[in-house]
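In what follows, a structure is listed as structure tokens, so that the remarks can point back to it.
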Amino acid sequence: MHLSSRHVPARVLVLGLVLLLGLAYCSVVDKVALPRYVPSAETRALGHPTFAEVREAERLLPQHRAPGRWALGGKGKRGRYVYFPWEAWGTGWNNVFQEQLLNTHLAFRADRGYVFGDYIARDHPPFSDTLPNGTRSHLHIPMGAFTSGPTGGGAWGGREKGRPRGISRAWWDVVCKGRKTVLSAPEMNRELAIGPETSGADRMVRWGAKLKDMEAECVEVVDGTPFDYPFIITDKPASIWDWPASYGASLTLTAFRWSALVTRALIRNHALFAPSLPTHLRPSLPWHWHLRLLGPPDLGSTAAPLPLSAVPPLTITAPPLTGLLALHVRRGDYQEHCPNLVAAAVPYNTWNALPALPDRRSPHSEMHAHCFPGVTQILAKIESVLKTERKFKVERVYIATNGDADFISQLTERLKTTFAVPVASSRDMRLTPEEEAVGQAVDMAVLTAAEVFIGNGWSSLTSNVVQLRLAGGRPAARCRFW
Ligand SMILES: *[C@@H]1O[C@H](CO)[C@@H](O)[C@H](O)[C@H]1NC(C)=O
């Protein structure tokens, strides 16, 4: 009697607490104003991946819940946002992504949440997108399929305090309904005295100050963007890297994470670029324990992949993959493209022109060999990099490439015989259709994590790898170009 009378209240207390927590949780989840994603008839007809898990995670981001409590950064207000619907329309994903990362930093400087949308694969679609009646239905890839970092609404690397997080386009439409302030980019450039000669740093600083000073909570920039494609392909952006624009040290880059989808592909394919699964790529609870208890780790297959909730998104500050030499060998359309780039004296792409990098574009040397190197030239460059990076011992090679099977097997054989190490390429990756849709990002995650990287100075893919490597702490001497 005595005992139970002491125990019953305890049990009731626990039960009550569980019920309360449950209710609190439900009240939060119930407040998600965004509807669940439903794939269109066209998506289903084409058999395109729907990114259902990614979209559901995006819908449930804390900042997409009850506005007052979860706006993050609004401090009791409704939150401040900036949306750039004109971001690099129609260019390849890496060009768009360069602009999106810069705009995330701009939004941060303006004390506003960055608004992110789907990437629409108009250029180089990864799957056929032509309907039976001949119309195209573009593949839409959610931002969360590429990155879980600040650009995809992710955390600011634990340094959150009062910093607004990014929101999805869908949530922008809900939370900013009927109170959007539209700003014309060309008009704003005139007001801020920004012209073709203005440095990248000045652009970032002036736009940031302007957007910060504005009272309006929801600002939409139209008819252009602050860092448009013609600006990005010049050598102007380089000055944004250091103080006063300070992009290179920004939380946009240092808190960058690849998506869980990209990381899952790395976990399954880790044998292509690492001797064993790196600790920081181990799937998390409860799968981790499940795997430990049941013997050899089950890392999922393409038919039965790991649930994305079990995958820890890879950070760029994680330890490098020791002994890995990663190459970006751009082929395909570059065969025709390179003579034009060389003839027009096009500078190295965006971040590839940062002054800290050892390999500069030289106007005097044989540029075609740098843009479209053959097997012999690739081998020669590797030898010269190994000569200067004496502390680096090559233990395996990964080649990110869109080259054809013949070329890759020639290159692979030469590398294997020369260095006596395992060699793998993009073609060896085993990917689900959703991972294949972001296959470039999967390759880039390997290139970013590698101890030494050699890429193509004109390529925006290489350029994005370079900025993430530098921001993640890899030495400039280990970011090289053919
Ligand atoms: C082709 O089919 C799609 C999907 O049914 C439809 O939306 C589109 O209007 C059609 N286009 C033409 C030209 O008939």
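One-based numbering, in listed order, for ligands and for the atoms of each.
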Any donor-acceptor N or O pair under 3.5 Å, side chains Gln467, Tyr247: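 There is such a pair between these side chains.
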
Flag for Thr181-Glu220: side-chain donor and acceptor within less than 3.5 Å: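 Glu220 vs Thr181: no donor-acceptor pair found between side chains.
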
Basic-acidic side-chain contact under 4.0 Å: Lys180, Asp173: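 Salt bridge flag = yes for Asp173 with Lys180.
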
Protein heavy atom at shortest distance from atom 5 (O) of ligand 1: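 Result for atom 5 (O) of ligand 1: Glu42 OE2, 4.3 Å.
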
Protein heavy-atom partner closest to atom 14 (O) of ligand 1 - residue, atom, separation in Å: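 Residue, atom and distance for the closest contact: Asn133 ND2, 3.3 Å.
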
Ligand-residue contact atoms, ligand 1 with Thr135, heavy atoms, under 4.0 Å: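 Every atom of ligand 1 under 4.0 Å from some heavy atom of Thr135: 1 (C), 10 (C), 11 (N).
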
Heavy-atom protein contact below 4.0 Å for atom 9 (O) of ligand 1: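 Within 4.0 Å of atom 9 (O) of ligand 1, no protein heavy atoms are found.
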
Flag side-chain contact, heavy atom, 4.5 Å: Trp458 against Met367: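 A side-chain contact under 4.5 Å exists here.
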
